[in-house]
S.K.: 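My questions will all concern the structure given below.
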Amino acid sequence: MEDSAILECLRTGVREKEAFETLFRKYYTPMCIQAHRYLDMEDIEDVVQECFVWIWNNRSLIVVEKSVPSYMYSMVRHKALNTIRKRNIGQKVSEMLQEIRENDMDENAFDAEELKRRIQEAIESLPELYREAFTLHRFSDKTYSEIAEMYNVSPKTIDYRIQKSLKILRQKLSDYLPAALLAVVMEILENPWGV
């Protein structure tokens with residue numbers, strides 16, 4: 001089955017399971033090889049499997065602008081970089097919390113679970129359209145164009161909503177976090193790919 005036929009089957013739902021299985025068999029190993037450029041062995045299969053889960057869940061919305069191999073390798077690269085970013089940011093937050101503790105600051109004020117809860121509350125308090133655009137982009141790895149297509153608006157509109165969301169989040173979290181820790185948290189929220 002050719003790549004164009006695979007995509008058509010996935011989009012239309014005709015023979016979608018067969019098309020997905022063909023796509024999986026054709027690209028699983030090459031995507032693992034691509035992921036190996038960025039990740040250690042223990043993370044490779046998880047990242048590639050996440051890519052295929054995303055493809056299955058979004059199969060009717062997939063738009064490939066260049067080629068399927070390019071699309072697949074780009075997806076695995078983004079997921080791999082996101083994995084690295086999450087690990088690095090987690091490390092930075094841990095180091096920052098340790099530094100706060102070592103400097104005899106009130107360690108209870110910066111509890112990681114409390115931080116997570118406050119970030120979630122801040123995100124949930126965003127205006128609905130801003131929150132949806134922000135969470136789709138930051139946590140579901142959707143591009144501005146994909147989100148714009150879902151809501152029938154321009155990618156510039158999505159960009160505006162996400163930038164406004166970040167500004168609101170920065171304001172809401174600034175009272176809770178010291179400036180240095182706020183900078184790390186905002187890096188997480190502003191730079192989803194870590195590049």
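Start at 1 with the first residue, then count along the sequence.
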S.K.: Tell me whether Arg25 is salt-bridged to Glu21, with the criterion being a basic N under 4.0 Å from an acidic carboxylate O.
M.R.: yes
S.K.: With no hydrogens and no angle check, is any side-chain donor or acceptor of Glu146 less than 3.5 Å from a backbone partner on Thr143?
M.R.: yes
S.K.: So, Ser70 side chain and Lys66 main chain: donor-acceptor pair closer than 3.5 Å or not?
M.R.: no
S.K.: Does any donor atom in the side chain of Tyr71 or Asp3 lie under 3.5 Å from an acceptor atom in the other side chain?
M.R.: no
S.K.: Are the side chains of Met75 and Phe52 in touch, meaning some heavy atoms are under 4.5 Å apart?
M.R.: no
S.K.: Answer whether the closest heavy-atom distance between the side chains of His36 and Met41 falls below 4.5 Å.
M.R.: yes
S.K.: State, to 0.1 Å, how close Ile147 and Ala133 come at their nearest heavy-atom pair, and which atoms those are.
M.R.: CD1-O, 3.6 Å
S.K.: Minimum heavy-atom separation for Cys51 to Lys79, with atom names?
M.R.: SG-CG, 3.5 Å
S.K.: Would you name the heavy atoms of Ile62 and Arg11 that are closest together and state the gap between them?
M.R.: O-NH1, 3.1 Å
S.K.: List the atom of Ala35, the atom of Val48, and the distance in Å for their closest heavy-atom pair.
M.R.: CB-CG2, 4.3 Å
S.K.: Under 6.0 Å between the ring centres of Tyr130 and Phe134?
M.R.: no
S.K.: What is the distance from atom CG of Leu126 to atom NZ of Lys164, rounded to the nearest 0.5 Å?
M.R.: 12.0 Å
S.K.: Taking all atoms of both residues into account, what is the closest heavy-atom pair of Tyr144 and Pro155, and its distance?
M.R.: CD2-O, 4.0 Å
S.K.: Under 3.5 Å, is there a donor-acceptor pair between the Glu45 and Tyr28 side chains?
M.R.: yes
S.K.: Search all heavy atoms of Pro127 against all heavy atoms of Ile168 and return the closest pair with its distance.
M.R.: CD-CD1, 4.1 Å
S.K.: Any salt bridge between Glu124 and Arg131, counting N to O under 4.0 Å?
M.R.: no
